[in-house]
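Here's the structure, in C-alpha cells; my notes come after.
In this chain, residues are counted from 1 in sequence order.
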Amino acid sequence: MRRVVSPEQARRIAVRAQLLDGSAKNVLETVRHLGFLQMDPIATVATPQQLVLHSRLGSFDITELDRLLWEERKLFEYDAFIYPIEDLPLQKARMARFRRANTLKRDHWIRDFLRENARFRRHILRELEQDGPKLSRDFEHELMPAGQAHRWWGDRQVRLMLDILTARGEVAVAGRVGKQRLWDLAERVFPEAETVPWREAERELKRRRQRALGVWRERGEWVAHPDVSDEPVPDRAVLLSPFDRLVHDRDRAEALFDFHYRLEMYVPQAKREFGYYVLPLLVGDRLPGRAEPRLDRKTGTLELLGAWGDTSRLDEALTGLAEFLGAERALPRGRKRPAAPRTRAPRRKASRPPRGRRR
C-alpha cells in the first residue's frame, strides 16, 4: 500500500532512514544499511566516507574502514564507491552491462579508445597477472600514447584506461598506499559471485535506494518506505559531508528541508556565495545552517572559515568533529586563548637532610 506522508513526517523519515538519528552502531552495519559510501580525494576536514560515518557514529576508529576493506574483505571498492561484499552480484551486473553497452556516444568512444590502445591494455593485464598488485606508476607509461590534456587524467590517460578496465570488471582496486590505488586482476580481488541479470539488479538497486532514502516524490506527494518510523528525531547536531545522501540530491534537499545547497569548490572564489567546501548543519530533522571548517594538519587545529544561517548549535557539531579528528578547536580570528592561571604548588613540609649533605 502506498504510504503518503506530510512534509514534517517526510523529514523525520529521511533522517531516520539515513541513520542520522543516532541509531548507527558500527562501521560495517552502517555501510550495509546505507548501501554504499561515496569516495572523493578532497579532504579539507576528512574524506567524504569518513565524514558520512562520523555524522552517524560520532568518533570511530578510521582504521576500521581499511581493515574491513583490505584485510577482512567485508567491503570492496568499485567505481569510487565502497560497497558491502554481499552486494557484489549487483555490481557485477553493472560491470557486465558496461561491457555490453553500445548505444550512447560515450559507449562508442570507449570502444574506440580500447581498440586504439589495445597494446597498453594487454600490457596492464599481463603485468598484473605476473606481478600484481601494482601502482599505476609501475606500468610502462610510454606504451600509452599521449592524449589530449584532461582535468582528471592528465595527458597520458593511464588513469582513464585503468578506470575503464575497472568499470568493465577486468581489474580492481586491491588496496591503497596512502592515496594511491593498488591494482590487480579483478578475479584475484573479488570472491566468486554470481552475476544477476541487469533487469533484476536494477529492480533490487531501486528497492535498496528507496529503503536507504526513506522518502521520495511521486506525483507531487511524499511517499515513504513502510519500514521507516516517522517518530520524532533525537535533537543532535552534526555537520554533513557534501556527498551525504541526505543532501546529495540538491533538489530533493531543497524540497524536503527548504535548504538550497551547492558545492562551490569548482566555482571561482569571487563568484562563490558561501565558501570552497561548506558543510550543511543538521539539527534534529532540520538543516538550519552551514559552515566551512578546515583542518590545519600542521598545527592539529580545526579552524572555522565561515558560518551562515542559524548556527546556534554549530559549536556542538564542531566540538564533536574536533574530537573525532583528534584536533584542537581554533578560536575565531582576533581572539586569543586565555592564559592558564598561575597555580602555586602546595607547600609541603620538607624533611631536613642530614648535616654535611646538599640536596
Under 4.0 Å between a side-chain nitrogen and a carboxylate oxygen: does that hold for [X] and [Y]?
X: Glu264; Y: Arg262; result: no
X: Arg126; Y: Glu129; result: no
X: Glu231; Y: Arg12; result: no
X: Arg313; Y: Asp235; result: yes
X: Asp107; Y: Arg111; result: no
X: Asp163; Y: Arg181; result: yes
X: Glu202; Y: Arg199; result: yes
X: Glu170; Y: Arg99; result: no
X: Lys74; Y: Glu86; result: no

Return yes if some donor-acceptor pair links the side-chain N/O of [X] with the main-chain N/O of [Y] below 3.5 Å, else return no.
X: Asp244; Y: Ser241; value: no
X: Asn117; Y: Phe120; value: no
X: Asp61; Y: Thr63; value: yes
X: Glu116; Y: Phe113; value: no
X: His260; Y: Arg250; value: no
X: Arg236; Y: Ser55; value: yes
X: Arg209; Y: Glu204; value: no
X: Arg2; Y: Ala224; value: no
X: Thr47; Y: Ala43; value: no
X: Arg176; Y: Lys179; value: yes

Does Leu205 share a hydrophobic cluster with Leu88, counting links as ILVMFWY side-chain heavy atoms below 4.5 Å and allowing steps through other members? no

Which is it for Gln210 and His225 under the side chain to side chain donor-acceptor pair (under 3.5 Å) test, yes or no, and what are the steps along the way? CA-CA 7 Å; Gln210 289 180 336; His225 193 280; over 6 Å; no

Does any donor atom in the side chain of [X] or [Y] lie under 3.5 Å from an acceptor atom in the other side chain?
X: Thr319; Y: Arg329; answer: yes
X: Trp198; Y: Glu200; answer: no
X: Gln18; Y: Arg56; answer: yes

Is any side-chain heavy atom of Leu314 closer than 4.5 Å to a side-chain heavy atom of Leu239? yes

Is there side-chain contact between Val189 and Phe76, with at least one heavy-atom pair below 4.5 Å? no

Among Val52, Leu51, Val247, whose side-chain contact (heavy atoms from CB on, under 4.5 Å) with Leu240 holds?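 Answer after filtering Val52, Leu51, Val247: Val247.
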
Going by the side chain to side chain donor-acceptor pair (under 3.5 Å) test, which pairs reach into residues 268-288, not counting sequence neighbours? none

How are the rings of Phe324 and His54 set to each other: parallel, tilted or perpendicular (split at 30° and 60°)? parallel

Cation-pi check, Lys134 to Phe139: give yes when NZ or CZ is under 6.0 Å from the six-membered ring centre and within 45° of the ring axis, no otherwise.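 Satisfied, under 6.0 Å and within 45°.
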
Search all heavy atoms of Lys92 against all heavy atoms of Glu194 and return the closest pair with its distance.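 Here Lys92 and Glu194 meet closest at CD-O, 4.0 Å.
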
Who are the ring pair (Phe, Tyr, Trp, His ring centres under 6.0 Å) partners of Phe259, not counting sequence neighbours? Tyr261

Exceeds 12 heavy-atom contacts within 6.0 angstrom, atom CG of Asp258: no

Please check if atom CD1 in Ile85 has more than 12 non-hydrogen atoms from other residues, nucleotides or ligands closer than 6.0 Å. yes

